[in-house]
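Everything below concerns the one structure shown next.
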Protein chains: 2
Amino acid sequence: MRNRLPVGKTGDVNTATVETPSTQDLIRRAAMTLFASRGYEATTLQAVAEVVGISKQAILHHFRSKEELHDAVLRQLIDHWNRTLPHLLVTASATRNRFDAVFSELVAFFQADPDRARLVLRELMDRPDVTRKLLSDVIGPWLSSIATYVRIGQERGVHRADVDPEAYLLQVLQLAIIGVATADVMSAIVGEGPEGRERSARELARIAHASLFSPRPVA
Amino acid sequence: MRNRLPVGKTGDVNTATVETPSTQDLIRRAAMTLFASRGYEATTLQAVAEVVGISKQAILHHFRSKEELHDAVLRQLIDHWNRTLPHLLVTASATRNRFDAVFSELVAFFQADPDRARLVLRELMDRPDVTRKLLSDVIGPWLSSIATYVRIGQERGVHRADVDPEAYLLQVLQLAIIGVATADVMSAIVGEGPEGRERSARELARIAHASLFSPRPVA
DNA sequence: CCTACCGATCGGTAGG
DNA sequence: CCTACCGATCGGTAGG
């Protein structure tokens with residue numbers, strides 16, 4: 001029942017040619033950051049409002065409720081995933097080592113905005129039931145398609161025969177997510193700052209690779 | 001500063017052979033479950049009280065504040081970890097394949113009570129700064145000791161030369177934690193119920209093993 | 001978009 | 001005096 005006024009331009013002031021993010025966008029971004037770092041319950045609409053620089057009630061003008069704002073943030077994440085996926089696969093198939101390309105793109109997707117990884121992790125923990133279905137829908141197709149690729153590699157002897165493709169890919173996905181989400185905390189143990197993160201990232205890639213590919217016969 | 005009275009009775013000696021958990025224990029357990037499944041902010045003292053079957057004020061008699069209750073729950077987890085660690089290492093060193101034993105004990109530690117994994121994950125996300133220091137202190141020694149073992153294996157050619165011991169162990173630890181914490185949700189994708197969990201657990205162990213050990217020469 | 005509010009419930013504390 | 005609690009309510013703030 002709320003008006004869906006185009007937020008930027010009601011007519012007058014907006015002569016700016018630069019694409020200014022809409023208020024909705026600003027709210028979504030702020031909410032994403034807060035949901036990711038504090039969790040849904042601990043995030044108050046007031047806190048979101050203060051980041052954006054508007055009132056709490058202004059947020060409730062754009063989003064009917066806190067829950068609706070949460071849904072919008074999630075949908076944005078899913079949409080971005082679905083838009084990125086095809087590109088990810090195309091890039092990968094054009095590469096000699098297809099798997100390493102897919103894996104690095106996967107990690108890059110989350111590293112480009114660590115809030116994505118944190119948000120997914122929070123969803124997994126806070127709303128397991130809802131997230132179960134959601135995950136099946138979103139990553140199910142992706143999983144099947146890459147699993148097929150893994151199986152082909154197994155038939156050719158490139159991939160280890162004892163790999164469980166779907167289970168393997170899920171574990172790798174989980175590693176990428178938690179690796180990004182807790183990078184600052186965990187990697188600090190193996191080394192402060194960027195150095196620790198670098199070591200963690202490299203080892204992550206090594207584990208994913210070594211546990212998939214058959215040992216090369218000594219040339 | 002709280003008295004540490006034997007929780008059962010004041011006067012009569014411990015004639016009861018059955019160890020009744022103290023009210024403090026009951027509160028801690030209930031709080032652990034709720035903190036793990038909902039997070040600190042989303043857990044109300046009222047909810048903890050209802051699980052235990054006492055009043056909210058009774059909880060605040062045993063624990064000065066919600067924060068103090070949270071600290072007690074964490075301390076309990078850390079204490080249990082520190083008590084379990086020696087046994088874990090002894091068991092492992094008595095086994096032929098020491099690493100697999102350590103790893104399975106590690107997973108077992110979290111699987112024995114999935115709330116442990118969930119709680120650690122929540123701490124990592126909710127209080128990264130505090131948890132960073134905590135983790136260094138708690139798992140630092142453990143990490144160093146096992147890393148040394150990995151290095152010995154590397155010198156003997158049993159372990160892959162390109163393994164980064166500390167980084168590897170951290171990744172494995174993370175895998176165990178997230179694997180247990182999100183087992184129900186993630187494993188449902190590869191198969192409903194126990195079957196999916198079993199596949200996930202097996203693949204997890206396989207990944208940890210295959211990415212550490214050198215490929216065996218074909219006999 | 002804001003000011004002015006609501007029913008409810010938060011963590012914590014009062015006296016008994 | 002102590003303990004282990006209770007019913008009632010504090011000042012603030014949540015989502016709406």
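A, B, ... follow the sequence lines: proteins, then strands. Residue 1 opens every chain. Because the structure is a prediction, the values reported are computed rather than measured.
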Could you check whether [X] pairs with [Y] (Lys NZ or Arg NE/NH1/NH2 to Asp/Glu carboxylate O, under 4.0 Å)?
X       : Y       : answer
E67(A)  : R127(A) : yes
D79(B)  : R75(B)  : no
R199(A) : E166(B) : yes

- Can you say whether the rings of H70(A) and F35(A) are parallel (under 30°), tilted (30 to 60°) or perpendicular (over 60°)? perpendicular
- Message: For W81(B) and F110(B), take the angle between the two ring planes, folded into 0 to 90°, and tell me which bin it lands in: parallel under 30, tilted 30 to 60, perpendicular over 60.
- Response: tilted
Just the rounded figure in Å: distance from [atom2] of [N] to [atom1] of [X].
X      : N       : atom1 : atom2 : result
H70(A) : dG16(D) : NE2   : C1'   : 18 Å
R64(A) : dG16(D) : CZ    : C1'   : 13 Å
I54(B) : dC6(D)  : CD1   : P     : 7 Å
I59(B) : dC6(D)  : CD1   : P     : 10 Å
E68(A) : dG15(D) : CD    : P     : 15 Å
E50(A) : dT13(D) : CD    : P     : 11 Å

Just by modelled atom types, is the [Y] backbone N or O under 3.5 Å from a matching donor or acceptor in the [X] side chain?
X       : Y       : value
R116(B) : F109(B) : yes
R122(B) : A36(B)  : yes
T43(A)  : R38(A)  : no

- Query: Looking at H62(B), does any N or O in its side chain come under 4.0 Å of the phosphate oxygens OP1/OP2 on dC5(D)?
  - Reply: yes
- Between T23(B) and dC5(D), is there a side-chain N or O to OP1/OP2 distance below 4.0 Å? yes
- Choosing from dC6(D), dT3(C), dA4(D), which nucleotide comes nearest the side chain of Q57(B)? dC6(D)
- Message: Reading 5' to 3' and counting Watson-Crick or G-U wobble pairs with both distances under 3.5 Å, write the dot-bracket notation for DNA chain D, | for bases paired outside the strand.
- Response: .....|.|.||.|.|.
- Task: Walk me through it: do D25(A) and R29(A) pass the test salt bridge (charged side-chain N to carboxylate O under 4.0 Å, His left out)?
- Result: CA-CA 6 Å; D25(A) 286 338; R29(A) 289 183 200 181; 5.1 Å; no
N/O-N/O pairs, protein side and nucleotides 9-11 of chain C side, under 3.5 Å:
unit_1  : atom_1 : unit_2 : atom_2 : d
dG11(C) : OP1    : T43(B) : O      : 3.2
dG11(C) : OP1    : K66(B) : NZ     : 2.9
dG11(C) : OP2    : L45(B) : N      : 3.2
dG11(C) : N7     : K56(B) : NZ     : 2.9

